[in-house]
Amino acid sequence: MKLIFMGTPDLAAACLSGLLDGGYTVTAAVTQADRPRGRGYALTPPPVKELAMARGIPVWQPTDLRAPEFLAQIREAAPDAIVVVAYGRILPPALLDCPRLGCINLHASLLPRYRGAAPIQRAIMNGETETGLTTMHMAEGLDTGDMILSERLAIRPEDNFGTLHDRMAVCGGPLLCRTLAMLATGTAPRLVQDEAKASYAAKIRKEDCALDFRRSASELDCHIRGLSPAPLAFCHRPDGRMLKILRAEPTEGSGKPGEVLALSDRREGSITVACGTGALRIREVVPEGKGRMRAADYVRGRQIREKEVLY
RNA sequence: CGCGGGGUAGAGCAGUCCGGUUAGCUCGUCGGGCUCAUAACCCGGAGGUCGUGAGGUUCAAAUCCCACCCCCGCAA
């Protein structure tokens with residue numbers, strides 16, 4: 001079975017790797033253009049490109065998926081199917097119609113819930129205890145295609161975006177391989193999504209990362225875990241400097257929302273902050289201009305005092 | 001040349017602007033004490049080429065000047 005793979009970030013790269021390990025032939029990897037990233041705006045290739053190049057797979061980075069030249073290139077390659085994982089752009093109908101067996105997509109949620117850009121983060125942020133992966137026959141809408149297979153994954157209390165993402169990365173490849181096997185034999189089901197149960201996981205914007213201490217400690221805990229280790233939830237010190245929170249846990253306590261109730265610089269030290277309900281025991285932070293450090297170390301530097309109010 | 005912060009003991013920091021006796025603090029660590037016990041408390045100790053430069057200025061440089069290396073945050 002001849003495939004073309006389309007994807008961009010780490011999760012996509014892990015899936016591509018899984019397909020190759022599963023014995024599938026990938027004719028080309030289509031991914032987004034290199035973007036200026038990091039300090040000094042260094043042009044950085046997306047994860048899928050790096051992996052593809054390392055595995056000797058041709059990399060295509062079209063700027064326009066509707067461009068006749070690109071479509072011609074796809075037709076010439078004549079893939080049996082196109083596998084898409086977090087490519088980052090809507091595929092035009094002309095492209096969806098190219099492959100003999102169609103385009104299949106792997107999405108990081110149990111559809112029809114959490115369609116869209118940030119399913120993993122949003123599920124955790126909303127306090128879900130379960131999510132998963134779903135493969136589907138791609139349709140024109142955003143993650144609306146008929147479903148083929150899915151795999152459930154528990155969201156554990158200690159999970160954050162990073163740990164859940166990594167677990168999904170491990171499951172993605174095998175799930176795609178099973179899906180393709182069914183597609184090849186014409187036994188892939190077409191489970192229509194229940195539109196009434198659909199929900200969307202919007203892209204994470206900067207504002208979405210701000211912590212609102214008026215919310216409950218458990219909600220804030222979920223919020224923090226869904227955004228860790230990147231892009232990270234943040235709040236501000238009284239002087240206006242940003243303080244990102246990498247890890248925290250709900251605990252007892254009450255006070256004005258945002259008020260620092262207690263500080264500890266011993267061993268598993270922490271910064272206890274009052275929330276709307278309960279309090280949050282902050283364990284690990286990233287101060288503005290600094291790298292990540294344990295809360296105990298932050299406290300030791302005498303950078304924070306009890307009674308001050310974070311916002 | 002996108003913006004900015006920083007490199008001082010194992011960790012997090014102060015000291016640098018206004019150069020000057022033994023480079024300081026919190027924690028850790030080692031030893032001892034107290035205690036039924038302890039991550040608590042008390043006493044004592046070890047541990048630092050102050051990023052690099054047989055560089056510059058100076059009577060004197062962690063502190064001023066120059067060059068270089070490295071780390072990090074933002075933004076994208």
Side-chain angles (χ1 to χ4, degrees), chain A residues 7-13 30-50 59 61-65 86-90 116-118 120-122 158 160-162 165 201-212 223-253 258 260-273 279-308 310-311:
Chain A
T8 303
D10 289 319
L11 183 66
V30 181
T31 191
Q32 303 247 1
D34 294 8
R35 295 272 161 66
R37 282 175 175 280
R39 244 161 267 129
Y41 285 120
L43 213 54
T44 310
V48 165
K49 179 177 181 178
E50 299 209 314
V59 174
Q61 294 175 288
T63 50
D64 180 7
L65 298 182
Y87 174 69
R89 276 183 154 168
I90 299 288
I120 309 176
Q121 295 94 319
R122 296 289 181 188
E158 69 275 16
N160 62 25
F161 170 58
H165 168 280
K203 189 166 122 185
I204 308 287
R205 294 161 308 168
K206 177 79 172 173
E207 312 85 84
D208 299 323
C209 300
L211 287 168
D212 180 350
H223 190 264
I224 290 166
R225 290 188 291 118
L227 297 172
S228 186
L232 249 34
F234 66 88
C235 61
H236 298 276
R237 294 291 304 288
D239 63 7
R241 302 228 301 172
M242 182 183 285
L243 183 64
K244 294 193 165 187
I245 313 299
L246 210 44
R247 189 162 55 84
E249 70 213 22
T251 183
E252 308 284 298
V260 175
L261 300 176
L263 296 173
S264 168
D265 66 351
R266 300 311 167 113
R267 302 207 172 224
E268 284 302 301
S270 61
I271 299 167
T272 306
V273 183
L280 214 49
R281 186 174 288 154
I282 297 169
R283 297 294 195 182
E284 211 167 351
V285 302
V286 178
E288 188 172 315
K290 290 283 191 179
R292 62 188 290 177
M293 67 177 71
R294 291 168 300 172
D297 288 333
Y298 186 69
V299 172
R300 269 179 214 124
R302 297 165 170 279
Q303 302 207 346
I304 188 166
R305 298 180 179 186
E306 288 186 18
K307 299 276 173 45
E308 71 172 55
L310 305 178
Y311 63 95

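Between the side chain of A:Arg39 and the base of B:G73 there is at least one donor-acceptor pair of N/O atoms closer than 3.5 Å.
Applying the salt bridge (Lys or Arg N to Asp or Glu O under 4.0 Å) rule to A:Asp64 yields no partners; only residues at least two apart in sequence or on another chain are considered.
Of the listed nucleotides (B:A76, B:G12, B:A75), B:A76 has the atom at the smallest distance from the side chain of A:Arg37. The side chain of A:Lys290 lies closest to B:C13 when the candidates are B:C27, B:C13, B:A11.
With contacts defined as side-chain heavy-atom distances shorter than 4.5 Å, the pair A:Leu263/A:Thr272 does not qualify.
Interatomic distance, OG1 of A:Thr44 versus CD of A:Glu50, reported as 8.5 Å (0.5 Å rounding).
Residue A:Gly269 is classed as having no contact, given no heavy-atom separation below 4.0 Å to the nucleic acid.
Distance, A:Phe234 CZ to B:G73 P: 16 Å, rounded to whole Å. The CD-P distance, from A:Glu284 to B:G12, rounds to 13 Å in whole Å.
Geometric assessment of A:Lys290 against the ring of A:Tyr298 yields a negative cation-pi assignment under the 6.0 Å and 45° thresholds.
Nucleotides of RNA chain B nearest to A:Gly289 and A:Tyr41 differ in position, and the one nearer the 5' end is that of A:Tyr41. With the nearest nucleotide of RNA chain B identified for both A:Val299 and A:Arg292, A:Val299 has the one nearer the 5' end.
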